[in-house]
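If you're wondering where the values come from, they're calculated on a predicted model, not measured in any experiment. Ligands are counted one by one from 1 in listed order, and the atoms in each one are counted from 1 as well.
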Amino acid sequence: MLQKLEEVKKEFDSLLGSVKSMPEMAQFKADFLGKKGKLNALMGGMRELSVEDKKSFGARANLVKQDMLSAIDRQSQSLEMEVINAKLAANWQDISLTDKVKEKGQQAAGLHPLTKVTRELEDIFLSMGFDILDGPHIEDEYHNFEALNIPDSHPARDMQDTFWFKDKKHLLRTHTSNIQIRGMKQKKPPFKFVGPGKVFRCETLDASHEAAFHQLEGMMVGKDISVPHMIHFLRTLLSEIFKKEINVRLRPGFFPFVEPGFELDYECLLCGGKGCSVCKQVGWVEGLGCGMVHPKVLAGGGIDPNEWNGFAFGLGIDRLTMMRYHIDDVRHLHSGNLQFSEQFKAY
Ligand code: FA5
């Protein structure tokens, strides 16, 4: 009897691997372990055994049964996985692809050049110990203007053509400087943070002007910070992003929230300074606005201007991206044209 039991086990082991589906497995299980299965048929013969043999046969038969049940479980699980994997392979969809791309056949996606430059900027600032903050696109008058020392009726409000909401109290932020105000409320000095994001202006469009573009705001507040600190810092930043030293020039610039204020231009890398449509034939590109934070702005943010000072800047990310990737019109960046975006996959 024991020998027969071992033979049934051997047969079970040799046939299990050939079971290829769940219905086949149900039949296989019934053949060996069902009421009318091979194991039960053997158990029926136990009546004829001596008490001693019954004991040892019974113990072995139980072990064999447990072994068979576990082997069936394992094999069933892998059959179920095969079914799931086959379904996944047959119905595979990349939900990040647009319908148009799908029609052309599936393609690997890539990051937009603006995303790449923004992420690179964030990495540079993180490595210098800056925090990264965010601010809302829909802003109120206070954060976009008033707290930045631009009161109602101040001519500086007209410097940036604003998209207002009907309530006349809310607007699409015209710059990322609103992040300065929100950041000061969150942080205790000394602090340094940047805030990248989209900004909106009712602009006449050309090769270097978009109506929705991107800026990166930066603010550093501490003790005894000076203009040379700011210049050194901005130069370092630009040489990191362009991976080489580039010529920059600083001009006085008027922004009510800084004093003194400057505009920093960098040499146009599209024409090498000779003049083109992006730099309006002057060889320089307006890269960013910057300056020492106005004491009124610090005080409004709950920071004592007699104890603390610092600098702030607002950098145009779109123009930086154009220089970096030699793109000769800002409107390409926002065109949504895949043929354009695909060129940057490899960079
Ligand atoms: C500002 O927006 C100030 N908030 C910057 C600032 C921050 C000054 C902190 C001082 C302290 P401005 O309007 O110059 O400044 O814009 C900053 C940069 O955004 C420009 O130098 C330019 O690179 C970019 N920029 C401005 N307008 C456009 C536009 N229409 N399209 C693309 N880039 C633009």
Show the atoms of ligand 1 that are less than 4.0 angstrom away from any heavy atom in [X].
X      : value
Leu288 : 21 (O)
Gln180 : 9 (C)
Gly289 : 6 (C), 7 (C), 8 (C), 10 (C)
Arg201 : 1 (C), 2 (O), 12 (P), 13 (O), 16 (O), 26 (C), 27 (N)
Gly316 : 18 (C), 19 (O), 23 (O), 24 (C)
Cys290 : 8 (C), 10 (C), 11 (C)
Glu286 : 21 (O), 22 (C), 23 (O)
Ser177 : 4 (N), 7 (C)

Check: Glu210 N/O within less than 3.5 Å of ligand 1 N/O: yes
Ligand 1 N/O within reach of Glu203 N/O, cut-off under 3.5 Å: yes
If you measure from [atom1] on [X] to [atom2] on [Y], what distance do you get to the nearest 0.5 Å?
X      : Y      : atom1 : atom2 : result
Phe12  : Ile72  : CZ    : CD1   : 4.0 Å
Phe191 : Met184 : CZ    : CE    : 6.5 Å
Asp329 : His334 : CG    : NE2   : 10.0 Å

So is [X] in contact with ligand 1, going by heavy-atom distances below 4.0 Å?
X      : answer
Ser208 : yes
His214 : no
Val258 : yes
Gly287 : yes

Between [Y] and [X], is there a salt bridge with N-O shorter than 4.0 Å?
X      : Y      : answer
Arg201 : Glu210 : no
Arg331 : Asp206 : no
Lys9   : Asp13  : yes
Lys20  : Glu82  : no

Thr176 side chain near Leu216 side chain, heavy-atom distance below 4.5 Å: no
Partner of Phe130 by ring-ring contact (aromatic ring centres under 6.0 Å, His included), out of Phe233, Phe313, Phe193: Phe233
Partner residues of Gln75 under the side chain to side chain donor-acceptor pair (under 3.5 Å) criterion, sequence neighbours left out: none
Geometric class of the Tyr266/Phe242 ring pair [parallel <30°, tilted 30-60°, perpendicular >60°]: perpendicular
Side chain, backbone, both or neither: the part of His209 lying under 4.0 Å from ligand 1 by heavy atom: both
Option set Phe213, Phe255, Phe200, Phe257, criterion heavy-atom distance to atom 34 (C) of ligand 1, minimum: Phe213
Nearest candidate to atom 17 (C) of ligand 1, where distance is taken over non-hydrogen atoms, out of Met230, Arg331, Gln215: Gln215
